[in-house]
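One structure is given here, and the rest of the page talks about it.
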Amino acid sequence: MSTFLQYVFTGISVGGCYALIAIGYTLVYGILRLINFAHGDIFMMAGYFMIFSFAVFPFPVAIIITLVATTALGILIEKFAYSPLRQAPRMSVMISAIGVSYLLQNLSTYLFSGLPQPYPAIPGLKQRVMLGDASVSLVTFITPIVTIIIVLLLLRLVNKTKIGMAMRAVSKDYEAASLMGIKLNTTISFTFAVGSLLAAVGSILYFTDRSSVYPFSGALPGLKCFVAAVFGGIGSIPGALLGGFFIGISETIIKAVGLSTFSDAFTFIILIIMLIVKPTGLFGEKSVDKV
Amino acid sequence: MKKFLSIVLSLLMVFSIVSCAKKSTGEVANADSAAANVEKEATEVAQVNTADDGEKIIKIGVFEPQSGQNGGGGKQEVYGIRYANMIYNTITIGGEEYKIVLDEVDNQSNDTEAVSAAQKLVADRVNVVLGSYGSSVSIKAGPHFRKAEIPAIGCSCTNVQVTKGNDYYFRVCYLDPFQGRIMAQYAKKHNYNKVAVITELGDDYSTGLGKSFEDGCKELGIEVVSHHEFQKNEQDFNSILTKIKSANPEFIFAPSSIVTAPLILTQARALNINCQIGAGDTWENGTIITNAGDAANGIVVSTFYEAKSKEEAEGEEAVFLNGVNGDGNGFLEYLKSQDPKEEMIPAVSALGYDSYLAAYKAIEKAGSLEGPAIRDALAELSFTGVTGDISFNSDGDAIKNTAYIKEVSEGQFVFKEKV
């Protein structure tokens, strides 16, 4: 029983972090039709920001610095690597994104060495609670709650505010949107800012329980969250939430039945099946070709 | 603005081409022909390199990961090699003095990059290759060195496949079957009857060592209750560990990289898995203690080298620990000057030093820079290095029968037993 509980908690906490990252993919895709391959590495950089700011400042300040720095990084990447390619074919932007991903990985190897760095323990988050025989850290409970609150806020932002309306307009047709007086660059920058901010929150929750950061920390979560986003229907925020939890929990189940060797294979089989059966994902919009 | 930028860029390009050509016209020509047939080229041309000022040089290729998953460990090995190069920087062959220059390439801990890094060394016409940290990359690069008849000396690659069937690959460390058996004996000695194994999928070192440990356990009648594999770059071990916990082992053997070690350790301890955890040589690394903190206490590792105190050290080890002048300014001081975070001498640095020494002695003995001659000299070589007596068997493996078991206690690797 306690083993089962342990699996449930593991699945939910991993799923929550995946959901936060997957939303970043989905937001950017919704606006730019771009799969931002550097997203996983922004997540990793957020880990490093936390390590360095925590060494100097008390933790509330360090958290704020991490959030701000990661957001700034996201905006900067958009400005330098994607916005000059706005008129270029979509493929060029994607290649640029892959380039940024490699740049971040190698830059952090160069700057912070390939050795893992210990992630600071944020007071309170890491405290362990015993439920029967299952030992669970507080962050495990906080993760899904934070994730759901953020998704609700985000849905409000997209559906109720002016900038949200601008985002939706750009995502429908960005040429028409800019003709209607929507500032394209501001809207896109804002989207990247939100996406990166979520990656930063996800990174704090994720690394608190996993204790160390190295330059390739973002690679695997990045890939899996991309699958999660596609699964839920890329472009859809509730879809990304559901996809994240689904991938996180099913991965845990696969390992629980003793098939740990195949856990990643399984994740990608889901991707392939989803693309064959329902290419738009669970909540994806049907694309209508305009004539 | 755009025009200006493109002018600047094109100027930069022109400048870089010019400066390349200026460096050495010989090198450019060499690179061209190398592209045509890298490996053949190298064997046909006499392997003597000359520097710009006419000084004769010997190139020793350093084939190590300096980035990627094993970047940290590879770097420590490189420091050992660089330090050896500082001490032994010239060699006399046939009455002529040669300067020894290191040619470092980064294999990025990646099997594909390893091949291109190896090809670069072949194209650079190095006389000997040292490395690598990590068996996988060495296995992939081996055939390229053999084809070009460049002898290679592995520092800490312990997988059997590295030297097997490759008469140009040697190594100064012991092998995984030996190491795995040592750890199985350790488990037996401490009355562990149920063990669990965690290995990394697709990593030759991890799976190879895990398998030899399991084989050793079977021979000794220890039950392996659970075996799990995880993916490269995995960070969440909670599910695997929960599964292992339910099997209730008395010892967990988890040979893996130093990146995964702290993750496994902290997560295992957080799940209240309190049995002893052990691994192979890679885990003997200070970063694990820095990262895992208290969770690292009590782990056991098998390792290549146990540093004596500076006063007790003799022969080559004394040079290694105290510096060439014996003034106490030895490797640890050098290491700290390069990376202030280092607190102890990593075993792999000592092996890096020994591999350089093996190459040095072999070239000296061969009295030639030809690959086959150095190879023959290596096969017959016997000397005392920092990590003990070194000579090679017919496979090219160092004949070693000592391993050290260390245990972490209060944030330090402490010598536990010699096997």
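We name chains A, B, ... by the order of the sequence lines, and we start the count at 1 in each one. Just the heavy atoms: all of them, side chains too, but no hydrogens, waters or symmetry mates, feed the values below.
Interface residue B:Ile258: backbone and side-chain heavy atoms are both found under 4.5 Å from chain A. Residue B:Gln108: no heavy atom, backbone or side chain, is found under 4.5 Å from chain A. Proximity to chain B is absent for every atom of A:Ser13, based on heavy atoms less than 4.5 angstrom apart. Using a 4.5 Å cut-off between heavy atoms, A:Tyr214 touches chain B through its side chain atoms alone. Only the side chain of B:Thr266 comes within contact range of chain A, with heavy atoms under 4.5 Å apart. For A:Tyr110, no part lies under 4.5 angstrom from a heavy atom of chain B. At a 4.5 Å heavy-atom cutoff, the contact between A:Thr10 and chain B is made by side-chain atoms alone. Both the backbone and the side chain of A:Gln117 come within contact range of chain B, judged by heavy atoms closer than 4.5 Å. For B:Gln267, the part lying under 4.5 angstrom from a heavy atom of chain A is the side chain only.
Your options are B:Leu201, B:Asp339, B:Asn238, B:Val259, and the one with the most heavy-atom pairs under 4.5 Å with chain A is B:Val259.
The environment of A:Phe268 atom CZ is dense: over 12 non-hydrogen atoms of other residues, nucleotides or ligands sit within 6.0 angstrom. Other residues, nucleotides and ligands contribute more than 12 heavy atoms inside 6.0 Å of the CG atom of A:Asn185.
Of all residues in residues 219-228 of chain A, those placing a non-hydrogen atom less than 4.5 angstrom from a non-hydrogen atom of chain B are A:Ala219, A:Leu220, A:Pro221, A:Lys224.
Looking at B:Ser135, its side chain does come within 3.5 Å of a backbone N or O of B:Asn159 through a donor-acceptor pair. The main-chain N or O of B:Ser109 is never found under 3.5 Å from a side-chain atom of B:Asn70 such that the two would form a donor-acceptor pair.
With sequence neighbours excluded, the residues satisfying ring pair (Phe, Tyr, Trp, His ring centres under 6.0 Å) with A:Tyr82 are A:Phe192. For A:Phe52, the ring pair (Phe, Tyr, Trp, His ring centres under 6.0 Å) partners are A:Phe112, not counting sequence neighbours.
A donor-acceptor contact closer than 3.5 angstrom is absent between the side chains of B:Ser136 and B:Tyr205. Residues B:Thr290 and B:Thr287 bring no donor and acceptor atom of their side chains to less than 3.5 Å of each other.
Put simply, the side chain of B:Arg82 reaches to within 4.5 Å of the side chain of B:Val78, judged on heavy atoms.
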ring-ring contact (aromatic ring centres under 6.0 Å, His included), that's the test. Do A:Tyr18 and A:Phe246 meet it? Break it down for me. CA-CA 9 Å; A:Tyr18 283 180; A:Phe246 180 81; over 10 Å; no

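Applying the ring-ring contact (aromatic ring centres under 6.0 Å, His included) test to residues at least two apart or on different chains, the pairs with a partner in residues 241-275 of chain B are B:Tyr192-B:Phe251, B:Phe213-B:Phe253.
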